[in-house]
Amino acid sequence: MNRFSLLLVISLLISYYPSPVLAQDKADSLTDELKSTIFNNLKHFRFGFYVDAYVNIELNKKNDTSNIIPFFANCPMTDQIRLNVAAVEIYYDAEKVRGKLQLQYGDAPNLLAAPEKQWIKNIRQATVGFRITKDLWADIGFMFTPVGCESAWPVVNVISTATMCAYFEPGAVLGMKFSYKFSDKFDGGFMFGNPYSVAYEQRNHLAGIFFLNYLPLKNLTISYNNLFGNQALHNAELNNNLLYNDILVTYDPHKNLNLIGQFDFGFQTNSRTAPDTNKIAAMCSGFLQARFSFLNHFSISGRYEYYYDPYGFLSDTYTYDGKTTGLTTNGMAVSLEYKPVRIAYIRLEYKYLHANKGNKVYYSNSSDHLNALIFTTGVRF
C-alpha cells in the first residue's frame, strides 16, 4: 500500500470512529440536557426555614411552683430563654400538582401534641394535591382546618401569643380537602378526616369541615368555617355530636391599619355538667384586634379576647365552693414589633388574662389571673 492509500484509510477510520473530543462534546450535551431537566423540575419547588426564640416573664408569681403556663399555644415556659420553633418547609407548585411539607421542633409542637400522638408533633403539615378542573383542587394528607386565623407559630400571628379561643379551636385533620374558586369574590370547600388537636384528640370518627370566603371589597374578607362530627371515643355508649362554628372578618381601612374580628360558637350533645349530662352544651369565644404600622419598620397591636365554656365540654370543669363550672376568661394583650428586615421580627408583648371566680388555673392553681411580659424574635425565609 502506497503512502497516499495509507493516509486515505487512516482518514476514513478517523471520520468513522468518533474522536475523544467529539465524544466529550456529546457527553456535555447530555449533561446539559440532564441539568435542564433538573432545574426545570426545581423551579416548582420552594424551600423555607423558620426559627423563633422567646422569653416569657410571669409577673407576681410568688405562689407559682410550675414553669409552664396553662393554655398557651406557644411561649409556654417561664423565665428561660427558649426555642418556640425551628422548622423546615418544602413546597411544590406546578400546574396540576402541588405539595407541602413542614417539619418542626421546639416547645410549641411538644406542648400541642397529646402523649399518645407524639408521632405527629414534628409534622406541622404534609399534603399532596391534584387539580381536578381549572378551579377545583383535591388535597390529601395532614393539614390545618380553616377554623380561626391564629397559629402556634408566632410569625403567623400579629401578636405572638395566641388567644384562648385559638387554643381550643379544631386544629388539624388527617384526611382530604376539596377547594373550589367560584369567582374572584367567592371561594370555599369541604374537608373530612380524623381531627388531631388539643381539644379534639383522634377519636376514630370522621369529622366534616365546611369553609367559605367572601371578598366584597379588596380590603375586606368575611369567612365562615365549621367542624361537625361525633367527638366521642370509639367505644363510648353515647355520642358527642359537635358543631363548631367560626366567623372571621379581616378589614384593612388604610395601608397602615389592619383590623380583625373573630367569633366562635359551638354545640355538643350529651355534654352538660350534672345533673343534665344528656343535654346539649354550648360555648362561645372571640377577639377583636387592631394593628397600626409606622416609621416603616415598627407596628403596635392591641387585642381584647374572651372565652366562655360554662359546661367545660372543651376546656374541662373546675370545682370551687362546691360548684362545678367550665372555664370562662377575659383578657387583653399589647405588642410592639420592630422589623429590621422583611424576614425578621422582634416583639415585646404584655398579656393579661382573668378567669372567672373559681377557675384558679394560673400560678400553680393559686390565682384566677395572669400577668406576663413576652419577648419573641424570629426569622423566616
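Remember, it's a predicted structure, so these values are computed and weren't measured experimentally. Any value given below was found using the heavy atoms of this structure, including those in side chains, with hydrogens, waters and symmetry copies removed.
- For Leu101 against Ala126, the heavy-atom pair with the smallest separation is CD1-CB, 3.9 Å.
- Partners of Phe265 under the ring-ring contact (aromatic ring centres under 6.0 Å, His included) rule, at least two apart in sequence or in another chain, are Phe263.
- A cation-pi contact links Arg124 to Trp153, judged by a cut-off of 6.0 Å to the six-membered ring centre and 45° from its axis.
- Checked against the 6.0 Å centroid criterion, the rings of Tyr167 and Tyr307 do not qualify as a close aromatic pair.
- Under the 4.5 Å side-chain heavy-atom criterion for grouping Ile, Leu, Val, Met, Phe, Trp and Tyr, Phe210 is connected to Tyr180 within one hydrophobic cluster.
- Considering all non-hydrogen atoms of both residues, Met77 and Gln80 come closest at CE-NE2, 4.1 Å.
- Judged purely by atom type and a 3.5 angstrom limit, Ser364 has no side-chain atom pairing as donor or acceptor with the backbone of Ser366.
- No side-chain donor-acceptor contact under 3.5 Å links Tyr345 to the backbone of Arg380.
- With hydrogens and angles disregarded, no donor-acceptor distance shorter than 3.5 Å links the side chain of Asn239 to the backbone of Asn230.
- Checked against a 6.0 Å centroid threshold, the rings of Phe190 and Phe178 do not count as neighbours.
- Between the side chains of Thr324 and Thr319, at least one donor N or O lies within less than 3.5 Å of an accepting N or O.
- Looking at Phe192 and Met176, their side chains come closer than 4.5 Å, going by heavy atoms from C-beta outward.
- Applying the 6.0 Å contact sphere to OH of Tyr308 captures no more than 12 heavy atoms from other residues, nucleotides or ligands.
- Between the OG1 atom in Thr377 and the CG atom in Asn84 there is a gap of 11.0 Å [rounded to 0.5 Å].
- Atoms CG and NZ, from Asp184 and Lys218 in turn, are 10.0 Å apart once rounded to the nearest 0.5 Å.
- At a threshold of 4.5 Å between side-chain heavy atoms, the hydrophobic network of Ile, Leu, Val, Met, Phe, Trp and Tyr places Trp137 and Phe182 in two separate groups.
- There is no path of hydrophobic side-chain contacts, each under 4.5 Å, that joins Phe287 to Val249.
- Between Lys351 and Glu58 there is no salt bridge, since no side-chain N of the basic residue sits under 4.0 Å from a carboxylate O of the acidic one.
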Next item on the list: I would like to know whether Glu349 and Thr376 meet side chain to side chain donor-acceptor pair (under 3.5 Å); could you show each step before the answer?
Entry: CA-CA 8 Å; Glu349 172 188 346; Thr376 54; 5.8 Å; no
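- Nearest heavy-atom pair, Asp264 versus Glu169, reported as atom, atom and distance to 0.1 Å: OD2-OE2, 2.6 Å.
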Item checked: Pair Val51-Leu83, side chain to side chain contact (heavy atoms under 4.5 Å, CB included): steps then yes or no -> CA-CA 8 Å; Val51 176; Leu83 181 69; 3.9 Å; yes
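- In terms of heavy atoms, Val173 sits closest to Pro195 at CG1-CA, 4.0 Å.
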Next item on the list: With ring pair (Phe, Tyr, Trp, His ring centres under 6.0 Å) as the test, would you mind laying out the steps for Phe228 and Tyr244 before giving the verdict?
Entry: CA-CA 6 Å; Phe228 54 91; Tyr244 192 101; over 10 Å; no
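- Here the SG atom belonging to Cys284 is positioned 9.0 Å from the CG atom belonging to Asp309, to the nearest 0.5 angstrom.
- Remark: aromatic rings of Tyr224 and Phe211 are distant, center separation not under 6.0 Å.
- Residues Asn278 and Leu238 meet the side-chain proximity criterion, which asks for heavy atoms closer than 4.5 Å.
- A donor-acceptor contact shorter than 3.5 Å links the side chain of Asn157 to the backbone of Ser151.
- Judged by distance alone, the side chain of Asn56 and the main-chain N or O of Thr78 form no donor-acceptor pair under 3.5 Å.
- Taking a cutoff of 4.0 Å between a charged side-chain nitrogen and a carboxylate oxygen, Asp139 and Lys100 do not qualify as a salt bridge.
- Figure legend: Arg46 and Tyr91 shown as a cation-pi pair, the cationic atom lying under 6.0 angstrom from the six-membered ring centre and within 45 degrees of its axis.
- The two atoms that bring Asn240 and Ser271 nearest to each other are ND2-OG, 3.6 Å, heavy atoms only.
- Phe45 and Phe130 end up in the same hydrophobic cluster when Ile, Leu, Val, Met, Phe, Trp and Tyr side chains are linked at under 4.5 Å.
- Within the 4.5 Å cutoff, no side-chain heavy atoms of Tyr50 are placed close to those of Val379.
- Checking side-chain atoms of Asn245 against main-chain N and O of Gly266 turns up no donor-acceptor pair under 3.5 Å.
- Side-chain contact between Asn256 and Phe294 is absent, with no heavy atoms from C-beta onward closer than 4.5 Å.
- In this structure, the side chains of Met164 and Leu327 come closer than 4.5 Å at one or more pairs of heavy atoms.
- For the pair Ile280/Gln268, no side-chain contact is recorded, criterion being any heavy-atom separation below 4.5 Å from C-beta on.
- For Tyr352 and Tyr350, the gap between ring centers reaches or exceeds 6.0 Å.
- Remark: Asp368 does not engage Lys360 in a salt bridge, criterion side-chain N to carboxylate O under 4.0 Å.
- The neighbour count for Leu217 CG, taken as heavy atoms of other residues, nucleotides or ligands under 6.0 Å away, is above 12.
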Item checked: side chain to side chain donor-acceptor pair (under 3.5 Å) evaluation trace for Tyr214 with Asp187 -> CA-CA 7 Å; Tyr214 174 48; Asp187 67 83; over 6 Å; no
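- Ring geometry for Phe168 versus Phe71: interplanar angle of 30 to 60°, hence tilted.
- Between Pro310 and Ala282, the closest heavy-atom pair is CD-O, 3.5 Å.
- In this structure, Thr145 contributes its side chain and Pro170 its backbone to a donor-acceptor pair below 3.5 Å.
- Within the 4.5 Å cutoff, no side-chain heavy atoms of Val341 are placed close to those of Lys339.
- When atom types are taken as modelled, the side chain of His354 and the backbone of Asn330 share no donor-acceptor pair closer than 3.5 angstrom.
- To the nearest 0.5 Å, atom CD of residue Gln262 and atom CG of residue Leu288 are 10.5 Å apart.
- By the criterion of side-chain heavy atoms lying less than 4.5 angstrom apart, applied directly or through intervening Ile, Leu, Val, Met, Phe, Trp or Tyr residues, Met332 is grouped together with Leu59 in one hydrophobic cluster.
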Next item on the list: Apply the test side chain to side chain donor-acceptor pair (under 3.5 Å) to residues Tyr54 and Asp107: give CA-CA distance (whole Å), side-chain angles for both, the deciding distance (0.1 Å), then the verdict.
Entry: CA-CA 10 Å; Tyr54 73 95; Asp107 283 349; 2.7 Å; yes
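- Formation of a donor-acceptor pair under 3.5 Å by the His369 side chain with backbone atoms of Leu353 is not found in this model.
- Asn219 and Asp252 share no donor-acceptor pair across their side chains, judged by distance under 3.5 Å alone.
- Note: Ile57 CD1 to Asp79 CG = 6.5 Å, rounded to the nearest 0.5 Å.
- Counting heavy atoms from C-beta on, the side chains of Val158 and Gln289 come closer than 4.5 Å.
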Item checked: Trace of the side chain to side chain contact (heavy atoms under 4.5 Å, CB included) decision for Phe298 with Glu337 -> CA-CA 6 Å; Phe298 290 88; Glu337 179 186 70; over 6 Å; no
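- Atom CD1 in Ile374 sits 6.5 Å away from atom SG in Cys75 (nearest 0.5 Å).
- At distances below 3.5 Å, at least one donor-acceptor pair connects side-chain atoms of Asn74 with backbone N or O atoms of Ser160.
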